[in-house]
Amino acid sequence: MSNNVRSESSLVDESYLSSKPNPAKVVFLQHGLMGSSDNWNTNTKEDCLAYLLSDDGYDVWMGNIRGNIYSRKHKNLTLEDPLFWKFSFDEMAKYDLPAMLDYVLEKTGVEKLHYVGHSMGTTVFFALMSSQPEYQQRIASMVALAPVATVTSISSPIKYLAPVVNDLQFFLRFFGNDEELMTNPLLISLWDPYKACSNQALCENLQFMITGFDPSRADQTMVPIILTHNPAGSSTQTLFHFAQGFSSGRFQQFDYGRVENLKIYGQPSPPEYNVAKINVPITLFWANNDWLTSQEDILLLENQLPQLRGSHKVSNPVFSHLDFLWATDAKPLVYEKIFDALKDFVDDSI
């Protein structure tokens, strides 16, 4: 890892911090559903967004959301306690992301940073900025890769969970106390590339059934590394939250049912996240073959964002959700345009 590429979970190098970064070139990368900071650096160095940004002089920080392999410590609860896993992207947006942004701003000494999110990394950003608008003053610009807010038209199997979420809560708890099913130790052996896997198609389907990733589009020398680091874990409640979004057609907080909603929110239905309140300059990157992001939802998002600076549809028709991280053509199709988007704001700050 290069000197100015940092995971938020890594130890702080005080000698590194003694040299102040360019205040216009601090960038924070946030992973998506079932991911970790490893998502940004498990490709070849020439094709990793984190390394490319670092080589261009950016001070790169990478966050880790609760529940993944780097974020599983708690003062009072153990992983075996179901209460540990009682969270969705509501808690990530309310507590996790603000804490990480505050940490980076404090350590770098800058007033604003650039934010790049992938998948759920965009969801938590939209939720935070609309619910705690004071954080908008700390963001210079935002780049959204495979953005997910309202999910009314998706291809992912998540949509089939929507009608049976309540029943599945009990069923999946049997497999791992609310931990996301695909990270359960009983099932890892089915897709672990360093263990015997008699059915490669099954391995890949278990790994990518939610997002629709095609491993053949990645550098084949990196696929074993990608499979080793992803999925990195999450809660079933997070998965169910996205399923609820498809069912309701609303970008809203977790729905606990009418009775619990009245106790928690003071109203029978969950409050919505209003992205129209977000005045951060935002650039979108999306793909037609993305199972979690449909063109209809992108158009809705485009019409709601008051400071939309650009919306780029990836030209390759087979480009999918996780291709934004690992496809061999991600650099020419997406990353080079990200640099163009960031450069506009960097130039304005100099």
Side-chain angles (χ1 to χ4, degrees), residues 8 28-35 63-68 71 85-105 113-139 141-152 154 156 158 165 180 234-256 261 264-267 269-284 286 292-293 297-298 300-308 321:
E8 209 284 319
F28 182 85
L29 308 182
Q30 184 53 59
H31 66 77
L33 180 64
M34 297 179 288
N64 283 293
I65 289 294
R66 67 176 65 192
N68 77 15
S71 303
W85 300 100
K86 286 295 184 183
F87 64 84
S88 70
F89 61 74
D90 286 340
E91 286 72 24
M92 300 171 193
K94 186 176 182 178
Y95 302 110
D96 302 354
L97 186 55
M100 291 187 289
L101 294 178
D102 289 345
Y103 182 88
V104 174
L105 291 169
L113 54 78
H114 301 281
Y115 185 101
V116 179
H118 173 252
S119 182
M120 190 181 69
T122 70
T123 309
V124 294
F125 178 89
F126 295 144
L128 169 61
M129 296 299 148
S130 59
S131 60
Q132 300 184 57
E134 63 272 20
Y135 274 91
Q136 297 184 31
Q137 307 305 314
R138 305 171 198 183
I139 307 297
S141 70
M142 188 266 193
V143 171
L145 307 179
V148 181
T150 304
V151 285
T152 60
I154 58 175
S156 171
I158 283 180
V165 162
E180 209 287 315
S234 188
S235 67
T236 55
Q237 187 163 315
T238 302
L239 200 62
F240 292 157
H241 199 165
F242 284 107
Q244 288 181 352
F246 174 76
S247 180
S248 67
R250 290 156 45 103
F251 182 33
Q252 62 184 18
Q253 297 185 40
F254 192 84
D255 189 348
Y256 294 94
N261 287 341
I264 297 170
Y265 306 124
Q267 58 187 58
S269 59
E272 286 193 75
Y273 291 114
N274 186 0
V275 298
K277 294 181 178 180
I278 303 175
N279 286 304
V280 173
I282 295 175
T283 305
L284 308 178
W286 55 282
L292 286 177
T293 302
D297 290 326
I298 291 295
L300 178 61
L301 189 58
E302 289 175 353
N303 291 330
Q304 291 177 317
L305 293 172
Q307 292 293 330
L308 181 67
H321 195 74

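This one's a predicted model, so the numbers in the text were calculated from it and none came from an experiment.
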Within the structure provided, determine whether [X] and [Y] are in side-chain contact (heavy-atom separation under 4.5 Å).
X	Y	answer
F28	L97	yes
M142	T122	yes
K94	Q132	yes
F87	R66	yes
L33	T123	no
V151	L292	no
V104	M100	no
Y265	F254	yes

With rounding to the nearest 0.5 angstrom, report the [atom1] to [atom2] distance, [X] to [Y].
X	Y	atom1	atom2	result
D255	I264	CG	CD1	9.5 Å
M92	S234	CE	OG	4.5 Å
I282	L301	CD1	CG	7.5 Å
D96	Q30	CG	CD	8.5 Å
S88	M120	OG	CE	9.5 Å
S235	H241	OG	NE2	10.5 Å

Looking only at heavy atoms, which two atoms of [X] and [Y] are closest? And how far apart?
X	Y	value
I298	T293	CD1-CG2, 3.3 Å
W286	P147	CB-CD, 4.4 Å
Y115	G121	OH-O, 2.6 Å
V124	F89	CG1-CB, 3.9 Å
S119	G32	CB-CA, 4.0 Å
L101	Y135	CD1-CD2, 4.3 Å

[X] (side chain) donor-acceptor with [Y] (main chain) under 3.5 angstrom:
X	Y	result
N68	G35	yes
H118	L145	no
N261	Y256	yes
R250	P270	yes
H31	I65	yes
Q252	Q244	no
Q136	N279	yes

Report, as yes or no, whether the 6.0 Å neighbourhood of atom OH on Y95 holds more than 12 heavy atoms from other residues, nucleotides or ligands.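 Count not over threshold, so no.
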_Suppose the criterion is salt bridge (charged side-chain N to carboxylate O under 4.0 Å, His left out): which pairs have a residue in residues 118-138, not counting sequence neighbours?_
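Only D102-R138 qualify under salt bridge (charged side-chain N to carboxylate O under 4.0 Å, His left out).
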Q. Is it the case that Y273 and D90 place a side-chain donor and acceptor less than 3.5 Å from each other?
A.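 Judged by distance alone, the side chains do pair up.
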